[in-house]
Participant: 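The structure follows.
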Amino acid sequence: MAIFSVYVVNKAGGLIYQYDNYVPRAEAEKTFSYPLDLVLKIHDEKVVVSFGQRDGIRVGHALLSINGVDVNGKFTADGKEIIEYLKDSTNYPVSIRFGRARLSSNEKLMLASMFHSLFAIGSQLSPEVGSTGIEMLETDIFKLHCFQTLTGIKFIVLADPRQSGIDALLRKIYEIYSDFALKNPFYSLEMPIRCELFDQNLKGALEIADKASNFGPGS
Amino acid sequence: MSRQSNRTTDSKKMNAELFTLTYGALVTQLCKDYENDEEVNKQLDKMGYNIGVRLIEDFLARSSVGRCQDFRETADVIAKVAFKMYLGITPSVTNWSPAGDEFSLIMESNPLVDFVELPDNHSSLVYSNLLCGVLRGALEMVQMAVDVKFSQDTLRGDNVTEIRMKFIKRIEENLPAGDE
């Protein structure tokens, strides 16, 4: 999966569409016996590992499920506090899955509007007049590409840094948006996109882009 | 009217006469519903506006035209690219005002009015007013406020169809970043 996610942001900075195309590969499920040798803490309403990295479980990973049942923030599915539950030796042996916590939709909304504001910084910092906003953001795990249309809509794609052809993909997503979202008379402009055809065609375009890439993380 | 060949949807050719008939049915139904030519003109303009705000994205996605820096460039793009792409005609751009903020699009033929004759009781109906709304809506989405109206109409006895476009102002609110 060389294309990780697609975000569409409207003129006002609100997230109107989001699609994730990756499966976090770094998830580890292990059986533990009392006492637990990982140090856990509560962070942002989630239980995360703060110390005790081993066996694929990294610092910062969140506790995703206990005994196969997904947790609900800092409580188990039946409402018990996780930290208390894990202090009780009668609950062991227990099988816990750790992994990178997915972003919730509220967090994504916030990050999208933050990006919208940062985007403008690109053009403000420019030594010459008439610069575009931020077009690319690079980290060692992914590259974020952003394309702003003349009407103010931003298409953002997160992809593998080695992936090429993202510009063409952004233009293709713009075409798919102008077709399946805008030509749907029941879709109101600037609102979240809830069109089946848009989803399907977007997935199709991402698949084509994936296949066209010569490499990608091994699946 | 055919669609571009690089589309993922199948390329369809639609009969232009079906389009003319559809538009005609629309206008006559509006006339029956509102019974007042001015009201019908307004409704056509509103409908055109809704089409325009959506059509502009399709136009920009397919034509890769950049932002126009002045009104003359805008006029050229509208006449040579947009009209060609959507209606298959290329109107000419003339009658520039001295300040360069008004121009006319002269169309020899108007695909919307093939086979149409305006009866006497609808003398103030602007049959193709939808086009004015489309132009107004599309330009508003790229931050230009314009006033568009028909100044000559073959349906009302003139030789050519003339659309007069006047630049009012640049819309400064909600400018996309990097376009100040």
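Atom set for the values below is all heavy atoms of this structure, side chains included, hydrogens, waters and symmetry mates excluded. By convention in this document, chain letters (A, B, ...) are assigned in the order of the sequence lines, proteins followed by strands, and residues within each chain are numbered from 1.
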Participant: Of the backbone (N, CA, C, O) and the side chain (C-beta and beyond), which part of A/N10 lies under 4.5 Å from a heavy atom of chain B, both, or neither?
Facilitator: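 For A/N10, neither part sits under 4.5 Å from chain B.
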Participant: Of all heavy-atom pairs between B/V65 and A/L150, which one has the smallest distance, and what is that distance?
Facilitator: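 Nearest pair, atom of B/V65 first, then A/L150: O-CD1, 4.0 Å.
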Participant: Is it the side chain or the backbone of A/S117 that comes within 4.5 Å of chain B heavy atoms, both, or neither?
Facilitator: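 The answer is neither part of A/S117.
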Participant: Let me know if B/V53 has heavy atoms under 4.5 Å from chain A in its side chain, its backbone, both or neither.
Facilitator: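 When you check distances to chain A, atoms from both the backbone and side chain of B/V53 fall under 4.5 Å.
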Participant: Check this for me: does any side-chain nitrogen of one of B/R54 and A/D179 sit under 4.0 Å from a carboxylate oxygen of the other?
Facilitator: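 Answer for the salt bridge query: no.
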Participant: Within this structure, what is the CG-OH distance for the pair B/D58 and A/Y174, rounded to the nearest 0.5 Å?
Facilitator: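 So the gap between those two atoms works out to 8.5 Å.
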Participant: For A/I153 and B/E57, run side-chain contact (heavy atoms from CB on, under 4.5 Å): C-alpha distance rounded to whole Å, both residues' side-chain angles, the deciding distance at 0.1 Å, then the answer.
Facilitator: CA-CA 10 Å; A/I153 309 258; B/E57 305 266 15; 3.7 Å; yes
Participant: Heavy-atom count around B/N159 CG within 6.0 Å, excluding the residue itself: above 12?
Facilitator: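 Result for CG/B/N159: open.
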Participant: Do A/T151 and B/L60 come close enough that some side-chain heavy atom pair is under 4.5 Å?
Facilitator: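 The answer is yes; the side chains approach within 4.5 Å.
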Participant: Hey, is NZ on B/K42 packed in by over 12 heavy atoms from elsewhere, all under 6.0 Å?
Facilitator: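 Counting neighbours around NZ of B/K42, 12 or fewer heavy atoms of other residues, nucleotides or ligands fall under 6.0 Å, so no.
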Participant: A/A181 versus chain B, heavy atoms under 4.5 Å apart: side chain, backbone, both or neither?
Facilitator: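 Only the backbone of A/A181 comes within 4.5 Å of chain B.
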Participant: Are more than 12 heavy atoms from other residues, nucleotides or ligands located less than 6.0 Å from atom CD of B/E108?
Facilitator: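 Check fails, neighbour count at 12 or below.
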Participant: Any heavy-atom pair between the side chains of A/L189 and B/M141 that's under 4.5 Å?
Facilitator: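 In contact.
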Participant: Going by heavy atoms in the side chains, are B/R62 and A/S178 under 4.5 Å from each other?
Facilitator: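 Yes, close enough: below the 4.5 Å cut-off.
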